[in-house]
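A short worksheet on the structure shown next.
A, B, ... follow the sequence lines: proteins, then strands. Residue 1 opens every chain.
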Number of protein chains: 2
Amino acid sequence: MVTIIDVARAAGVAPSTVSYVLSGKRSISPQTRRVVEQSIRRLGYHPHAGARSLASSRTNVLALVAPLREDLTVMDFVAAVASAARDHDQDLLLLTKDEGPTALRRVISSALADAMIVLDVEAADPRLPTLLALGRPVVLIGTPSQPTGLTSVDLDYTAAGERCVEHLVDLGHRSIGMVGPAPAVYQRGVNSAFRFLRGLTDSAQAHGMLFRARPCGHNYDAVRDCLDALLRLEPTALVVHNESALPIVLAELHRRGLRVPADMSVVAVCSDTAATSGAVPLTTVSIPAAELGRLAVEMVIRQITGSTQPETRLLPPRLTPRASTASRP
Amino acid sequence: MVTIIDVARAAGVAPSTVSYVLSGKRSISPQTRRVVEQSIRRLGYHPHAGARSLASSRTNVLALVAPLREDLTVMDFVAAVASAARDHDQDLLLLTKDEGPTALRRVISSALADAMIVLDVEAADPRLPTLLALGRPVVLIGTPSQPTGLTSVDLDYTAAGERCVEHLVDLGHRSIGMVGPAPAVYQRGVNSAFRFLRGLTDSAQAHGMLFRARPCGHNYDAVRDCLDALLRLEPTALVVHNESALPIVLAELHRRGLRVPADMSVVAVCSDTAATSGAVPLTTVSIPAAELGRLAVEMVIRQITGSTQPETRLLPPRLTPRASTASRP
DNA sequence: CTGAAAGCGCTTACAG
DNA sequence: CTGAAAGCGCTTACAG
């Protein structure tokens, strides 16, 4: 292995000088810098991460705690965080949600990472106290129901609900049904589910609209039952907050002879990919995974480099009208 | 931070003894072991990963190089590798495919990981020479077209193609259409695409069946065109090797008044989740992501701990009959 | 069965 | 603007 001593010898300088060229922590004469950089390149030198971490107590590694279920949105977040991390010269350690609080403690205590980004936080999440106790830089993607003293970023789901209703009001709709996340999601206390529902409900009421919401599993029977229940109110529009159920919902509307958007408008909350891969491009409030991931990395790095106050950042929703919504039939 | 010296002091032994208790690399008296383990627990000691890596030249970290696109199967692989890694007390560093060969060199040279698991290898993959030159433990998930001197695991796609045809032959079908991966997949030279097609083609010919295959993008227009082309042969069965296009294919068959399986049998190559989330549970040859991920981790660890010969391991396909295939109409 | 000590490859005060 | 040296927290021969 090529060490800093090899580079120093090749460049005719002290190892510390090589270190300072690399870190930029003190001024180096242009000639010295040039010679050192040349040697680094010529020898293919890469600093030993462990040695660096031992000496500096910085790993330049971020840990991402993700729920590794089959879910395109999760994949979006992982991709966004990975790419943002690299843009900031950080590597990414991947932890799975089911490893629980002990894994977080282990990773921080053994100096495998400097900071954590945590996806899919639940209402009474057992990792929250641990995260707080660790006293390390943390950013949650998602919003816990209680203030936790931790920094978080999320889509403003309340505003997203309102935005959906406004869009449908503008199109003249008077009755809306909502296909929600699976019952398990509500049981786990995933806050975004409640906030989106709240936004819809309040806004529907404010506009004097008929509104009914149902949780919905993502298998055929669950979707059929859900639609049976919703269609009793004779809605002319459906809001779907369940990416996995989405294709089934569309297939089932079709089966019932309800054309989108002629007979039924559909607004979905999902990734743009999911929205545009079906037969009819869907009007969406998209989950800005790329932006949230990037933001999370930036905020966690700000915490690493200087101390900051815990804050909650909610991104405003953006509704993109596509072919699945139209004026009330 | 709690160090090995703190533990040693608390237990009244030398630091080296604590180290040996942890590693099990020499015999320790039961009393000493007990006292040391107690101190470790009481103090909440976690060895410093960097220090350990520096002293032992082992990181206990595996690097996974994944294509982070929106794809449930990729997610399956990532989840499988992550969980298998933890079962072997390894942590996981996540690299993205688009970081290219330099990232691999960087990670190995700077001792961030001991070994690599690489997904989504292409025919003329620029990472292959680098991987070989690194001389580190590597397992590819997928099969390069040329023998590379690297170990790999994959589904036996040729056999998978044959299996699909046999299943349909048994049901009396005489004409089969195949909805393939996107043209870009063939252009990238993803070997599994060619091998699956080969298996289908050869087997169809051997059974004297009509067979036509088409690559297919995963948007509505592409699917419509693809089906237009395939249906000219009046197939009674479709094999779909394109998870993203799958829901669109089903929707489009429906639109054309073709009932599954009454008018058209469908066999899909995809994850079980994708197969069972639609209105009709699909007959599949499933991609055994969990098994492949686990196997890859085991093989790479075998390489780390003792040297081994490069080998290629192909898992036999398993066809699961579900509701989407039936006897020829 | 256990200890004392060298050494892994860096960073960073200390000194000039 | 640069160097010599201590020290980060482990592991592992060496010794007994």
Side-chain angles (χ1 to χ4, degrees), chain A residues 1-37 39-40 43-61 89 91 106-112 114 304-305, chain B residues 1-37 39-40 43-61 89 91 106-112 114 304-305:
Chain A
M1 125 162 265
V2 183
T3 72
I4 203 171
I5 295 189
D6 300 323
V7 175
R9 195 156 17 217
V13 300
S16 57
T17 300
V18 177
S19 175
Y20 284 119
V21 167
L22 249 18
S23 69
K25 286 192 181 170
R26 76 179 180 193
S27 44
I28 302 281
S29 79
Q31 312 92 292
T32 304
R33 173 181 304 282
R34 210 173 36 73
V35 169
V36 168
E37 280 169 350
S39 305
I40 288 176
L43 298 178
Y45 170 68
H46 291 271
H48 189 287
R52 178 171 267 185
S53 136
L54 183 57
S56 71
S57 21
R58 273 271 262 141
T59 64
N60 297 310
V61 172
D89 280 313
D91 277 288
R106 180 180 62 81
V107 164
I108 293 298
S109 301
S110 58
L112 275 163
D114 300 321
I304 293 173
T305 50
Chain B
M1 123 161 267
V2 183
T3 73
I4 203 172
I5 296 190
D6 300 322
V7 175
R9 196 156 18 218
V13 299
S16 55
T17 301
V18 177
S19 177
Y20 284 117
V21 166
L22 248 19
S23 69
K25 286 191 184 173
R26 77 179 179 194
S27 45
I28 302 282
S29 79
Q31 312 91 294
T32 304
R33 174 181 303 282
R34 210 173 37 74
V35 169
V36 168
E37 282 171 347
S39 304
I40 288 176
L43 299 178
Y45 169 68
H46 292 272
H48 188 287
R52 178 172 268 185
S53 138
L54 183 57
S56 71
S57 20
R58 274 269 264 140
T59 64
N60 298 309
V61 172
D89 281 312
D91 278 285
R106 180 180 62 82
V107 164
I108 293 299
S109 301
S110 60
L112 274 163
D114 299 319
I304 293 174
T305 50

Base-pairing string, 5' to 3', of DNA chain C - Watson-Crick or wobble, under 3.5 Å, | interstrand: |||.||||||||.|||

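Distance alone, capped at 3.5 Å, places no donor-acceptor pair between the Thr17(A) side chain and the Val13(A) backbone. Panel note: side chain Asp114(A), backbone Arg58(A); no donor-acceptor pair is recorded below 3.5 Å.
Using a 4.0 Å heavy-atom distance criterion, Ser57(A) is classed as making no nucleic acid contact. Residue Ser53(B) is out of contact with every strand shown, counting any heavy-atom pair closer than 4.0 Å.
Going from atom CD1 of Ile28(B) over to atom CD of Glu37(B) covers 10.0 Å, rounded to the nearest 0.5 Å. Note that OH of Tyr20(B) and NZ of Lys25(B) are 8.5 Å apart. Values are rounded to the nearest 0.5 Å. In this structure, CE in Met1(B) is found 9.5 Å from OG in Ser57(A), a value given to the nearest 0.5 Å. If you take CG on Asp6(B) and OH on Tyr45(B), they are separated by 9.0 Å, rounding to the nearest 0.5 Å.
Taking 4.5 Å as the limit, every side-chain heavy atom of Arg52(A) sits out of range of all side-chain heavy atoms of Ser110(B).
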Return a single string for nucleotides 6-13 of chain C, one symbol per nucleotide in 5' to 3' order, where B is base contact, S is sugar-phosphate-only contact and - is none, cutoff 4.0 angstrom on heavy atoms. -BBBBBBB

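For the residue pair Thr32(A) and Ser29(A), a side-chain donor N or O sits within less than 3.5 Å of a side-chain acceptor on the partner.
Within the structure, every side-chain polar atom (N or O) of Ser29(A) is placed at least 4.0 Å from both OP1 and OP2 of dC1(D).
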